[in-house]
Amino acid sequence: MTRAHAPAVPPVPFAKGHGTGNDFVILPDPDGALPLTPAAVAALCDRRFGIGGDGLLRVVRSAAHPDAAGHAAAAPWFMDYWNADGSHGETCGNGVRTFVRYLLDSGLAGWPADGPLPVATRAGVVAVRADGPDIAVDMGRPRHLGPAVATVPGHTLAGTVVDVGNPHLVCPLPPEVPLADLDLRPLPGYDPAVFPRGANVEFLAPAAPVPGADVAVRMRVYERGVGETLSCGSGACAVASVALAGAGRTDGVVAVDLPGGRLTMTLADGSCWMSGPAVIVATGTVPLPAAPLPA
Ligand SMILES: N[C@H](CCC[C@H](N)C(=O)O)C(=O)O
């Protein structure tokens, strides 16, 4: 059976970048003119038939996008974030750092002389600043919303519902459950009544002490709309807040080791500054897929 294949849109510029191995297709589209659809995003993020990525960042002026027009005065640029499955996420911590790295490298923006660079997201405007060779984002203090349970093959694990602008379920592992042993291939189970919009599910365990950090943890994550990723910035914020609570603290510095690298969280005064690397690895042009994914 032949599948209807509409003609592809002429090639458009793209970049590929990542933050601690959480990787993104970046589409510059200042005027919001590209006909992005969930199917096109999924095709671009497909690791065999497309460029490949955990998500897609459209680089669009806030004034040119209905989801960010209200932020135009506060933040000229909107990170239009899409998960690899074509769904939207309200925010993306690694994505914001990668987005800003692209703005800087492409000359679309520079560091303001008088303070942080504001970036609009669907979860609101975040402040971004340079941190040596890295980039730091204030994701806002994660909000703990009560207990919940996650199930993965062979384990039922208690956790905490955490709002970072997007939804998280953070499960500290009991000592007898090694982080490396968790099977995160299937979507972890959780109560859909608690997470009507789905959830990013994180699992954490203690790590060896890190100089300069009050708490050090290791984590893995199953991301909503993606699957297991090497890193999740908003998830690391959620994990850091739960790890501090477990140490009887609300503020402090938390070193979070993820499979893709380390993120350093500083929670204080209602902020959660997440600091880490952001790299642009390639640029090019790509036809916007108008055809559905291959069967
Ligand atoms: N999958 C997430 C969005 C991306 C989060 C993650 N990549 C990050 O760095 O925060 C969600 O649907 O809420």
Side-chain angles (χ1 to χ4, degrees), residues 16-26 38 41-42 45 47 52-58 67 78-102 119-124 126-128 134-143 145 148 150 161-170 184 187-188 190 192 194-204 219-242 254 256-265 272-279:
K16 180 72 192 293
H18 76 90
T20 56
N22 192 195
D23 63 335
F24 309 100
V25 177
I26 301 161
V41 170
C45 291
R47 295 192 184 283
D54 292 331
L56 182 144
L57 316 175
R58 183 197 339 224
D67 291 355
F78 172 47
M79 179 187 73
D80 178 15
Y81 175 81
W82 303 67
N83 284 314
D85 69 352
S87 64
H88 282 307
E90 298 84 352
T91 190
C92 177
N94 288 320
V96 171
R97 299 199 320 277
T98 306
F99 181 87
V100 168
R101 179 69 73 204
Y102 178 80
V119 173
T121 75
R122 285 188 173 83
V126 292
V128 189
D134 292 341
I135 292 178
V137 191
D138 181 5
M139 298 290 288
R141 176 173 289 278
R143 296 189 308 127
L145 302 179
V161 181
V162 185
D163 177 15
V164 189
N166 57 351
H168 296 267
L169 171 49
V170 178
L184 297 188
L187 172 70
Y190 50 76
V194 178
F195 295 103
R197 295 177 291 134
N200 302 282
V201 187
E202 291 88 12
F203 305 90
L204 73 140
M219 70 171 273
R220 289 173 64 193
V221 56
Y222 186 106
E223 279 200 41
R224 176 181 64 170
V226 191
E228 181 171 13
T229 59
L230 295 181
S231 181
C232 177
S234 54
C237 294
V239 161
S241 67
V242 168
V254 182
V256 181
D257 284 336
L258 304 106
R262 176 173 292 172
L263 296 174
T264 302
M265 308 290 148
C272 178
W273 283 95
M274 167 193 56
S275 184
V279 181

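Ligands are counted one by one from 1 in listed order, and the atoms in each one are counted from 1 as well. When a residue number appears, it is its place in the shown sequence, counting from 1.
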Requested in this report: Report the part of Thr229 in contact with ligand 1, treating N, CA, C, O as backbone and CB onward as side chain, heavy atoms under 4.0 Å; options are side chain, backbone, both, neither.
Outcome: neither
Query raised in the report: Going by atom types only, do His168 and Ser234 share a side-chain donor-acceptor pair under 3.5 Å?
Result: yes
Query raised in the report: Judged by non-hydrogen atoms, does Val96 sit under 4.0 Å from ligand 1?
Result: no
**Report entry** Any N or O of Ser231 closer than 3.5 Å to N or O of ligand 1
**Finding:** no
**Report entry** Interatomic distance, Glu90 atom CD to Tyr81 atom OH [nearest 0.5 angstrom]
**Finding:** 10.5 Å
Query raised in the report: What is the closest protein heavy atom to atom 2 (C) of ligand 1, and at what distance does it sit?
Result: Asn200 OD1, 3.2 Å
Query raised in the report: To which of Arg122, Glu90, Glu223 does the heavy atom nearest atom 6 (C) of ligand 1 belong?
Result: Glu223
**Report entry** Shortest protein contact, atom 7 (N) of ligand 1 (heavy atom only)
**Finding:** Asn22 OD1, 2.8 Å
Query raised in the report: Quick one: does ligand 1 sit under 4.0 Å from the side chain of Asn83, the backbone, both or neither, non-hydrogen atoms only?
Result: side chain
Query raised in the report: Taking the six-membered ring for Trp, are His88 and Trp82 parallel (under 30°), tilted (30 to 60°) or perpendicular (over 60°)?
Result: tilted
**Report entry** Short N or O distance, His88 and ligand 1, threshold 3.5 Å exclusive
**Finding:** no
Query raised in the report: Is Gly225 near ligand 1, meaning one of its heavy atoms is under 4.0 Å from it?
Result: no
Query raised in the report: What is the closest protein heavy atom to atom 9 (O) of ligand 1, and at what distance does it sit?
Result: Gly233 N, 2.8 Å
Query raised in the report: Nearest to atom 10 (O) of ligand 1, what protein heavy atom do you find, and at what distance?
Result: Ser234 OG, 2.6 Å
**Report entry** N or O contact, Gly93 vs ligand 1, cut-off under 3.5 Å
**Finding:** yes
